[in-house]
Amino acid sequence: MVTPVRIIVTICLIVVLCACPAGNIDTHPYRVGVLENGSLDEASGLAASRIHPDILWALNDSGSEPVLYAITTTGADSGRIAITGADNRDWEDLAAFTYRRKSYLAIGDVGDNTARRDDCTIYVIEEPAVYGKQARNRLKVKPAWQIAFRYEDG
């Protein structure tokens, strides 16, 4: 028996298959590069730079230094940026955005693997316009602002 749900699922499947151009889908993974920086050993967040088209910003998870790592899209090391006045209790995510024509990075110190945190913080820094040799000299930046919050249900 053909049910309405089966008809809807079939139509959705046909639409998806028709939307995919034949022969243009590569389902096999391939290596685009190798992560060079050994300090980036527990990467937890990744964001594409809004300033530099070939740079990705990454961060390590909990207990690491409050540092962002600049890497190229092929994994080459392009330096690190220390975030002064920030703690890495359990950094979990990173986002790039533009606000009032300036590029920013938002660092989510929101992890709570043991369900014991009372509060979380989002640190927002203006995206550094430098990387590479200058960033390898441990450029330091302060958060432009931070947002402290608590989840209602803990």
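We number each residue from 1, following the sequence as shown. The model shown is predicted, which means the values in this text are computed figures rather than measured ones.
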N/O donor-acceptor pair under 3.5 Å between [X] side chain and [Y] backbone:
{"X": "T72", "Y": "T74", "answer": "yes"}
{"X": "N88", "Y": "V67", "answer": "no"}
{"X": "D119", "Y": "A148", "answer": "no"}

Any chance you could measure [X], atom [atom1], to [Y], atom [atom2], to the nearest 0.5 Å?
{"X": "L46", "Y": "I71", "atom1": "CG", "atom2": "CD1", "value": "5.5 Å"}
{"X": "D93", "Y": "S44", "atom1": "CG", "atom2": "OG", "value": "7.0 Å"}
{"X": "I81", "Y": "L139", "atom1": "CD1", "atom2": "CG", "value": "4.0 Å"}
{"X": "S64", "Y": "D41", "atom1": "OG", "atom2": "CG", "value": "6.0 Å"}
{"X": "I147", "Y": "Y123", "atom1": "CD1", "atom2": "OH", "value": "12.0 Å"}
{"X": "I55", "Y": "E127", "atom1": "CD1", "atom2": "CD", "value": "9.5 Å"}

At their closest point, which heavy atom of N60 faces which heavy atom of A43, and how far apart are they?
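Heavy atoms only, the tightest pair is OD1-N, 3.4 Å.
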Non-hydrogen atoms of A144 and E126 that approach each other most closely
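Smallest heavy-atom distance, with atoms named: CB-N, 4.5 Å.
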T73: what forms a side-chain hydrogen bond (donor to acceptor under 3.5 Å, both in side chains) with it, not counting sequence neighbours?
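Residues passing side-chain hydrogen bond (donor to acceptor under 3.5 Å, both in side chains) with T73: none at all.
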Given the rule in the side chain to side chain contact (heavy atoms under 4.5 Å, CB included) test, do L68 and I125 qualify, once you have shown the distances and angles that lead to the verdict?
CA-CA 11 Å; L68 294 182; I125 65 164; 3.7 Å; yes
Extract all donor-acceptor atom pairs below 3.5 Å that involve side chains of residues 94-111 and protein atoms in other chains or at least two apart in sequence.
{"residue": "D109", "atom": "OD1", "partner": "D90", "partner atom": "N", "Å": "2.8"}
{"residue": "D109", "atom": "OD1", "partner": "R117", "partner atom": "NH1", "Å": "3.1"}
{"residue": "D109", "atom": "OD2", "partner": "R89", "partner atom": "N", "Å": "3.4"}

Would L56 end up clustered with I51 when hydrophobic side chains under 4.5 Å apart are linked, directly or stepwise?
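Shared cluster, no.
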Close side-chain approach of E92 and D61, heavy atoms under 4.5 Å
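The answer is yes, as the side chains (C-beta and beyond) meet within the 4.5 Å cut-off.
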Show every ring pair (Phe, Tyr, Trp, His ring centres under 6.0 Å) that has at least one partner inside residues 67-91, sequence neighbours left out.
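Every candidate ring pair (Phe, Tyr, Trp, His ring centres under 6.0 Å) pair involving residues 67-91 fails, so no pair, neighbours aside, qualifies.
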